[in-house]
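Remarks on the structure that follows.
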Amino acid sequence: WSSDVCSSDLVIPLESITAQTAEKKETLKTENQVTELQLRTQAAAALRTGDTKEAIAAANQLTKKFPQSPAAMLTAADTLLRCGKPAESLVHFDEYLKAEPNALPYLWQRGIAQYFAGRYQEGVKQFEVHRSVNPNDVENAAWHFLCLARADSFEKASSLVLPAPNDPRIPMEEVLKMLKSGDTSLVTHRINTVPESSGERARAEFYGFFYLGLFADAKGNQPEALQWLRKSAKDAPHHYMGDVARVYVQYLISELEGNQ
């Protein structure tokens, strides 16, 4: 407290301290951002290799460290669904929607999680609203069909199939016709028209077998559904619906064991 030090002499060190504090806060903020990005990247990389344990760990770290980040919540929700934890994923889909309510029509994944979690009527609504932004997707119509069959009846679902014109993927046009007519041979026949040597054949079998299984599930024939889904999942790549096929297999196994 020397009287030789005037108040103006204190300005420089105080400004320096303030600047250092701000720099530390900015550095910490940047480190947190990098950590979130790293965890999201880690989850995606684990999913690509089928390492569900690592993917789940990354998702759980995201929700723990970054609960206020919509991007973290969405990544965690998607990851947990693809790893077979639909109930947990729904918690984070709903947290994401609290921050981004306008995203609701785009969250078809949430509808799939709702089906696996037994929230069928909510799934019906999710797939109906998704059609407003994706009107040509037969997969959306199929999942809506499944949820409605469980929420109400197979007959009701057959009478209220959502329109989904011009889906170019083989055999999605035939899948849509199957939902309306019940004729599964339409799908199997279309698959068989694709040369086995072509890359398109594997994709056609994946989607065709998947939705033959879903249709059997909607009818209440879960043993048949499991046969089809196992064929779909057998060589499925580690993309979103490939992971959903594997989750679906485990779901059906659990359902059948519970009914014994």
Side-chain angles (χ1 to χ4, degrees), residues 40 47 59 62-63 67-169 171-181 207 210-211 213-215 217-219 225 229 239-245 247-248 251:
R40 291 168 61 195
L47 288 171
L62 277 168
T63 61
Q68 303 304 316
S69 167
M73 292 303 103
L74 183 58
T75 297
D78 281 328
T79 301
L80 291 170
L81 172 58
R82 293 173 64 177
C83 291
K85 295 184 174 296
E88 291 91 330
S89 77
L90 280 173
V91 172
H92 304 306
F93 277 128
D94 291 346
E95 288 173 343
Y96 172 71
L97 282 174
K98 288 178 183 177
E100 303 287 347
N102 292 334
L104 177 63
Y106 299 92
L107 290 183
W108 53 269
Q109 317 96 295
R110 180 171 175 260
I112 293 175
Q114 286 166 332
Y115 175 73
F116 288 136
R119 290 161 56 173
Y120 308 125
Q121 190 57 51
E122 293 177 39
V124 169
K125 294 178 180 178
Q126 179 65 61
F127 292 117
E128 286 175 349
V129 73
H130 180 61
R131 186 176 182 276
S132 67
V133 296
N134 191 12
N136 306 111
D137 192 338
V138 171
E139 292 189 89
N140 187 65
W143 282 95
H144 174 267
F145 181 98
L146 178 61
C147 287
L148 187 55
R150 286 294 186 95
D152 195 306
S153 69
F154 181 81
E155 292 72 25
K156 181 72 170 290
S158 298
S159 68
L160 293 175
V161 177
L162 292 180
N166 304 318
D167 190 326
R169 296 170 296 170
M172 301 315 290
E173 181 180 350
E174 290 72 24
V175 167
L176 189 64
K177 291 177 180 178
M178 175 185 69
L179 298 178
K180 297 175 181 178
S181 70
Y207 286 106
F210 189 112
Y211 287 103
L214 180 148
F215 186 69
D217 186 19
K219 288 191 298 182
L229 263 300
H239 55 39
Y240 209 113
M241 292 308 295
D243 289 339
V244 170
V247 171
Y248 208 159
Y251 164 81

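For reference, positions follow the sequence shown, starting with 1. Atoms considered below: every heavy atom in the structure, side chains included; atoms not considered: hydrogens, waters and symmetry mates.
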Practice problem: Could you tell me the separation between the CD atom of Q126 and the CZ atom of R131, rounded to the nearest 0.5 Å? | Solution: 15.0 Å
Quiz prompt | Under 3.5 Å donor-acceptor, N140 side chain and F127 backbone | solution = yes
Quiz item: Between the side chain of D167 and the main-chain N/O of M172, is any donor-acceptor distance below 3.5 Å?
Solution: no
Quiz item: Atom CG of L104 and atom OG of S132: how far apart are they, to the nearest 0.5 Å?
Solution: 8.5 Å
Self-check item: Donor-acceptor pair, side chain of N136 and main chain of A164, under 3.5 angstrom
Solution: no
Quiz item: What are the two closest non-hydrogen atoms of A71 and R40, and how far apart are they?
Solution: CB-NH1, 3.7 Å
Exercise. Mind jotting down which residue pairs meet the side-chain hydrogen bond (donor to acceptor under 3.5 Å, both in side chains) criterion with at least one end in residues 94-107? Sequence neighbours excluded, please.
Key: H92-E95, D94-R110
Quiz item: How long is the gap from CG on L107 to CG on L74, to the nearest 0.5 Å?
Solution: 6.5 Å
Quiz prompt | K125 atom NZ: more than 12 heavy-atom contacts under 6.0 Å | solution = no
Self-check item: Pairs involving residues 141-152, ordered by first then second residue, that meet side-chain hydrogen bond (donor to acceptor under 3.5 Å, both in side chains) (sequence neighbours left out)
Solution: Y115-R150, Y120-R150, E128-H144, W143-Y211, R150-D217, R150-Y251, D152-K156
Quiz item: Taking all atoms of both residues into account, what is the closest heavy-atom pair of L176 and A141, and its distance?
Solution: CD1-CB, 4.1 Å
Quiz item: Of all heavy-atom pairs between C147 and G111, which one has the smallest distance, and what is that distance?
Solution: SG-O, 4.5 Å
Quiz item: With a 4.5 Å heavy-atom cut-off, do V175 and F215 have their side chains touching?
Solution: no
Quiz item: Would you say the side-chain atoms of R169 pair up with the backbone N or O of D137, donor to acceptor, closer than 3.5 Å?
Solution: no
Quiz item: Out of curiosity, F116 CZ to Y248 OH, how far, rounded to the nearest 0.5 Å?
Solution: 6.0 Å
Quiz item: Quick one: CG on L214 to CG on L179, what's the gap to the nearest 0.5 Å?
Solution: 7.5 Å
Practice problem: Go through the structure and list residues passing side chain to side chain contact (heavy atoms under 4.5 Å, CB included) with C83, not counting sequence neighbours. | Solution: L47, T52, A55, I56, T79
Practice problem: Measure across A218 and A149 and return the closest heavy-atom pair with its distance rounded to 0.1 Å. | Solution: O-CB, 3.8 Å
Quiz item: Atom CE of M241 and atom OH of Y207: how far apart are they, to the nearest 0.5 Å?
Solution: 7.0 Å
Self-check item: Closest contact, heavy atoms only, L229 versus G213
Solution: CD2-CA, 3.3 Å
Practice problem: Quick one: closest heavy-atom pair of P105 and V133, and the distance? | Solution: O-CG2, 3.3 Å
